[in-house]
Asker: 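First, the structure itself, so that you have it in front of you.
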2 protein chains.
Amino acid sequence: MHANVKQNVVPLITPGLKVACSQCNLRELCLPFGLDDHDMARLDNLIGGGRKVKRGHHLYRAGDAFESIFAVRSGFFKTDVLTEDGRDQVTGFQMAGEILGMDGISTEHHTCNAVALEDSEVCLIPFTELELLSSEIHSLQHHLHKVMSREIVRDHGVMMLLGTMRAEERLAAFLLNLSQRFAARGYSHSEFHLRMTREEIGSYLGLKLETVSRAFSRFQEEGLISVQQKHVRILDLPKLKGLLAPPDGRIA
Amino acid sequence: MHANVKQNVVPLITPGLKVACSQCNLRELCLPFGLDDHDMARLDNLIGGGRKVKRGHHLYRAGDAFESIFAVRSGFFKTDVLTEDGRDQVTGFQMAGEILGMDGISTEHHTCNAVALEDSEVCLIPFTELELLSSEIHSLQHHLHKVMSREIVRDHGVMMLLGTMRAEERLAAFLLNLSQRFAARGYSHSEFHLRMTREEIGSYLGLKLETVSRAFSRFQEEGLISVQQKHVRILDLPKLKGLLAPPDGRIA
DNA sequence: GTGTGGCATTGACGCAGATCAAAGGGGTGC
DNA sequence: GCACCCCTTTGATCTGCGTCAATGCCACAC
C-alpha cells in the first residue's frame, strides 16, 4: 500500500539553503524562541539544512520512517490523514515558523501526509539530535514541550469546531484564525490569499466544498468579507467575530 | 469567570496512596515504560504521591495554573473544553495508565477541565521535575515525547471521526476504541460498563444524546451489541468493525 | 494567444441528524 | 429502604447540509 512512499519527496538536502536561526526573522515564532545566542548557535549546528518542496509535492507521507521534525521557513503546507477506506481529513494548515511532523514521534513513523500548497522551504531538524541537545539546554527542552502541547491545544480547538459549530461559524473561525496568524507574521490581517482549495477548507472544517463556497458567498452578500476566488478581504471584523457567538447570546 | 477555580479540587496529597511505579501493574502502559529498575526508582522518587478524586469532581479546571501532569491509577475521567458562549466539547475519556494534563504545558495554565466519571485515583507528576529528570534519563525523555505525540495522533483520529463519519460509524468507532483499551488493561473486550452518559458520548462524537441513544438501539436491533443502560456487550465484533468501512466498499 | 482542465459558483432536491416532546426506569443519596 | 431526579428511550417533525447537476471562470501550459 505504501510501495510508493517517498517517491515524491525531494531527497536532497541543500545546505546552501541553510539560514542560521539567529538570522531568521521567524525565530520568535519557531523552535529557537527564548534561546540565548550561544544556545541558538548550538541549535543551528544540528539543523541539517533546508529542503525545498515544490507545490503539490509531499514533505513526508503517512508510513514514512520518522527521523526529523520540520520548521516551515517559507510557504504553506497542509497535513492530512486518510483511512484505508479512502476517506481523508485535512488536520491542519501550517505556515512559516510552524513545526511539522510531531505526529511521527509516537510510532517512529509518520501518521499523516504533509503536502506543500505552494513552493516552500523547510528546516530539517533531526529529532534524536534535538532530544540530545534539549537534554542539555533546559529552555529548549521546555520550549519543545510547549510546541507539542500547543499542537494538542490547537487540536482540541478543531475538535470543538467540528463537534459543536455550524457551517458559517466554522468558516468564520477559520478565517479569523488565518487572519490572526498572518498578522503575527507581519502580513495584513484583513487581506490575504488562500493557498488551499474549497475542498481542502471543507475537509478541514468537516464540510463539503459546496457548503464552503455558499458560506463564502453569504459572507460576501452580508458585507462581512469580499472574496474573489482565493483572494479574501475581511471588511467587518467585529461582525465576523460576532458569528462565533451563538444566536441566543447568553451571558457566560 | 474563574473565581471558583479549584474549589472542587481535593487539595490534599495523600502519600499513603503512593504506590511505587515498580509495583504498579500499569507500568507497561504508563510513563515508566521502558525504564530499568534504577531509573524507575528515580521516577518514583519525584512522583508526588496520589490523589483521590471523587466521581463528579474536577481533577483540574481550565484556567488552573499548570504544575503537574497526572497518570490515572484507577477510575475514569473525561476532559472537556468550553467556549465563552457556553458550548462544551468532550475531548477525551481517560482510563488507567493514561496521562492527563499535557494541554497545560503550552500556556502554563490548563485549557480544559478534567472530571472524574467515577471515584478515581491519580499519580501526581510535577512537570518541572519531570523535565529535569528526563534530561538525565534519555529513555524517559523519549517516552514522554512519545506520549505527547500519541495524544496528537489520537486527536487526529478524533478529527477524522468528527469530520468524515456518520453517526453510526462514530459510535461503532467509539465502542471499538473502548473495547480495545479495556482489553489492553486485562478486562473483557466484549463486555464493559460505560462510565459516561449518552450526552457525554454525544459531545465527544459531535452528536446529540438522542442520536446516540437511537444508534445504540439500532445496533441492538441488528444484533451487533446488547445494551442496557450503561452495560454494553459486543455480540458481533466483525460486523461492528465492518460498519467503519464505507457503503461503497472501494478497494484502496 | 489560445486551449484545457481544475476549481468555483449556484440551483434543486433529499436525507441524516437536530429539535421538540413525553414517558418510563434505575441509580444515587439521604 | 425509599424517594427523587437524572438519565434514557422513543416518536414526530423540522432543517442544515449533503448530494447531484450544470455552468462559468481562471490559471497555466504550450
Asker: Between B:L117 (CG) and C:dG27 (C1'), how many Å, whole number?
Answerer: 16 Å
Asker: Is it the case that the ring center of A:H189 lies less than 6.0 angstrom away from the ring center of A:F182?
Answerer: no
Asker: Could you check whether B:R170 gets within reach of a base, just the sugar-phosphate, or nothing at all, counting any heavy atom under 4.0 Å?
Answerer: nothing
Asker: On DNA chain C, check which nucleotide each of B:K208 and B:R55 is closest to and give me the residue with the more 5' one.
Answerer: B:K208
Asker: Could you please name the option among D:dT8, C:dT19, C:dC7 that lies closest to any side-chain atom of B:T197?
Answerer: D:dT8
Asker: Can you tell me if the side-chain N/O atoms of A:R198 get under 4.0 Å from OP1 or OP2 in C:dT9?
Answerer: yes
Asker: Which whole-number value in Å describes the distance from B:L171 CG to D:dT8 P?
Answerer: 13 Å
Asker: Output, in order, the C-alpha distance, side-chain angles, deciding distance and verdict of salt bridge (Lys or Arg N to Asp or Glu O under 4.0 Å) for B:E222 and B:K239.
Answerer: CA-CA 10 Å; B:E222 292 175 359; B:K239 221 164 165 183; over 6 Å; no
Asker: Check whether the side chain of A:R214 and the base of D:dG16 form a donor-acceptor pair under 3.5 Å.
Answerer: no
Asker: Taking 4.0 Å as the cut-off, does a side-chain nitrogen or oxygen of B:R166 come that near to OP1 or OP2 on C:dC15?
Answerer: no
Asker: Nearest whole Å is fine: how far is D:dT9 P from B:F216 CZ?
Answerer: 8 Å
Asker: Tell me the interatomic distance from B:R195, atom CZ, to D:dC7, atom C1', rounded to whole angstroms.
Answerer: 17 Å
Asker: Give every donor-acceptor pair under 3.5 Å between a side-chain atom in residues 150-162 of chain B and any protein atom, sequence neighbours left out.
Answerer:
from	atom 1	to	atom 2	distance (Å)
B:E151	OE2	B:R154	NH2	3.3
B:R154	NH1	B:Y204	OH	3.4
B:R154	NH2	B:T91	O	3.0

Asker: CG of A:L205 versus P of D:dG16: gap in Å, rounded?
Answerer: 18 Å
Asker: Looking at B:S120 and B:E118, would you say the former's side chain and the latter's main chain have a donor-acceptor pair under 3.5 Å?
Answerer: yes
Asker: When you measure from the centre of the six-membered ring of B:F93, is the NZ or CZ of B:R195 closer than 6.0 Å and no more than 45° off the axis?
Answerer: no
Asker: Considering only side-chain heavy atoms of A:L207, which listed nucleotide, D:dG18, C:dC7, D:dT8, is closest?
Answerer: D:dG18
Asker: Given axes from five pairs at either end, by how many degrees does the helix from C:dG1-D:dC30 to C:dC30-D:dG1 bend, rounded to 10°?
Answerer: 70°
Asker: With heavy atoms under 4.0 Å as the rule, sort B:G206 into base, sugar-phosphate or nothing.
Answerer: sugar-phosphate
Asker: Describe the nucleic acid contact of B:S213 in one word from base, sugar-phosphate, nothing, applying a heavy-atom distance below 4.0 Å.
Answerer: base
Asker: Mapping A:E210 and A:A167 onto DNA chain D by nearest heavy atom, which one lands closer to the 5' end?
Answerer: A:A167
Asker: Counting heavy atoms from C-beta on, name the nucleotide in C:dG17, D:dT8, C:dT10 closest to the side chain of B:Q229.
Answerer: D:dT8
Asker: Sequence neighbours excluded and cut-off under 3.5 Å, please list the side-chain donor-acceptor pairs for residues 223-231 of chain A, or say none.
Answerer:
from	atom 1	to	atom 2	distance (Å)
A:H231	NE2	A:E191	OE2	3.0

Asker: Is any side-chain heavy atom of A:D103 closer than 4.5 Å to one of A:Y60?
Answerer: yes
Asker: In whole angstroms, how far is the P atom of D:dC26 from the NE2 atom of A:H231?
Answerer: 14 Å
Asker: At less than 4.0 Å, is any side-chain N or O atom of B:S217 found next to OP1 or OP2 of D:dT10? Yes or no.
Answerer: yes
Asker: If you go through the side-chain atoms of A:Q228, does one of them form a donor-acceptor pair with the base of D:dC26 closer than 3.5 Å?
Answerer: no
Asker: Quick one: is C:dA8 close enough that its OP1 or OP2 comes under 4.0 Å of any side-chain N or O from A:K230?
Answerer: yes
Asker: Starting at atom NE2 of B:H57, determine the distance to atom P of C:dT28, rounded to an integer number of angstrom.
Answerer: 14 Å
Asker: Where the side chain of A:R170 meets the backbone of A:L205, is there a donor-acceptor pair that is under 3.5 Å apart?
Answerer: yes
Asker: Expressed as a whole number of angstroms, how long is the span from B:Q220:CD to D:dT8:P?
Answerer: 14 Å
